[in-house]
Amino acid sequence: SNGRAPDDRKVIVRQLDFHTSQSTIEQYFSQYGPIREVFMKFNEMGRSKGFCFITFNDKAVVEEVLKAEHEIDGRRVQVKKAPTGPTESVYEERQCIFTYF
């Protein structure tokens with residue numbers, strides 16, 4: 001472990017509808033357990049990039065979330081363990097490129 005505790009409690013949610021709001025995401029995922037932070041990504045136009053990071057308070061909650069299927073605003077979303085450390089920015093660039101396909 002590299003001493004950055006919250007990393008194992010962090011997930012990335014992808015394939016979000018561009019109109020899904022942060023509060024919708026908070027409401028949806030808080031049914032699994034308390035959320036520490038929702039970090040949404042927006043482009044220059046203030047439009048969602050279609051993914052976000054969620055940090056939960058409890059590691060056990062993350063396990064539950066990863067096991068379940070998720071649908072938000074009528075759209076099936078993909079939830080994975082968040083990449084740790086510097087790979088976040090790599091993800092972001094890759095995500096931007098593929099957003100419109």
Side-chain angles (χ1 to χ4, degrees):
S1 119
N2 58 5
R4 290 180 57 210
D7 276 350
D8 59 3
R9 294 175 225 159
K10 194 176 192 183
V11 298
I12 182 169
V13 182
R14 288 154 76 194
Q15 290 161 353
L16 286 168
D17 188 276
F18 293 118
H19 300 101
T20 297
S21 68
Q22 183 159 332
S23 61
T24 300
I25 291 164
E26 282 168 10
Q27 276 170 358
Y28 175 83
F29 284 101
S30 62
Q31 67 185 327
Y32 290 92
I35 291 172
R36 178 181 294 196
E37 182 189 43
V38 173
F39 185 57
M40 283 196 79
K41 293 293 198 174
F42 300 97
N43 65 15
E44 310 73 57
M45 314 297 289
R47 185 174 149 113
S48 162
K49 286 186 180 179
F51 74 107
C52 70
F53 293 99
I54 303 174
T55 307
F56 291 93
N57 286 336
D58 186 355
K59 208 166 139 178
V61 172
V62 173
E63 301 307 320
E64 287 306 306
V65 167
L66 291 172
K67 272 187 269 188
E69 299 274 320
H70 303 285
E71 202 177 281
I72 301 174
D73 287 342
R75 191 181 166 116
R76 175 72 60 82
V77 298
Q78 190 187 70
V79 182
K80 294 244 184 341
K81 267 203 149 104
T84 53
T87 44
E88 271 183 31
S89 56
V90 175
Y91 243 114
E92 208 174 311
E93 285 157 34
R94 209 182 300 151
Q95 196 79 21
C96 295
I97 296 165
F98 292 129
T99 297
Y100 303 107
F101 298 109

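Computed from a predicted structure; not experimentally measured.
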For a quick test of reading the model, state the closest non-hydrogen atom pair linking [X] to [Y] and the distance between them.
{"X": "Ile12", "Y": "Lys81", "value": "CG2-O, 4.0 Å"}
{"X": "Phe53", "Y": "Ala82", "value": "CD2-CB, 4.0 Å"}
{"X": "Cys52", "Y": "Ile25", "value": "SG-CD1, 4.0 Å"}
{"X": "Arg14", "Y": "Phe51", "value": "CG-CB, 3.8 Å"}

Ignoring hydrogens and geometry, is there a side-chain-to-backbone donor-acceptor pair from Gln78 to Gln15 under 3.5 Å?
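It does not hold such a pair.
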Just to verify, what does [X] make a side chain to side chain donor-acceptor pair (under 3.5 Å) with, not counting sequence neighbours?
{"X": "Ser21", "result": "Ser23, Thr24"}
{"X": "Glu44", "result": "none"}
{"X": "Asp73", "result": "Thr20"}

Aromatic plane relationship, His70 with Phe29 - under 30° parallel, 30 to 60° tilted, over 60° perpendicular:
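Correct class here is tilted.
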Spatial distance of atom [atom1] ([X]) from atom [atom2] ([Y]) [nearest 0.5 Å]:
{"X": "Asp8", "Y": "Thr55", "atom1": "CG", "atom2": "OG1", "answer": "10.0 Å"}
{"X": "Ile35", "Y": "Gln27", "atom1": "CD1", "atom2": "CD", "answer": "10.0 Å"}
{"X": "Lys10", "Y": "Ile54", "atom1": "NZ", "atom2": "CD1", "answer": "11.5 Å"}
{"X": "Ser48", "Y": "Lys41", "atom1": "OG", "atom2": "NZ", "answer": "11.5 Å"}
{"X": "Asp58", "Y": "Glu63", "atom1": "CG", "atom2": "CD", "answer": "10.0 Å"}
{"X": "Tyr32", "Y": "Leu66", "atom1": "OH", "atom2": "CG", "answer": "10.5 Å"}

Does CD belonging to Glu69 count more than 12 external heavy atoms closer than 6.0 Å?
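Counting neighbours around CD of Glu69, 12 or fewer heavy atoms of other residues, nucleotides or ligands fall under 6.0 Å, so no.
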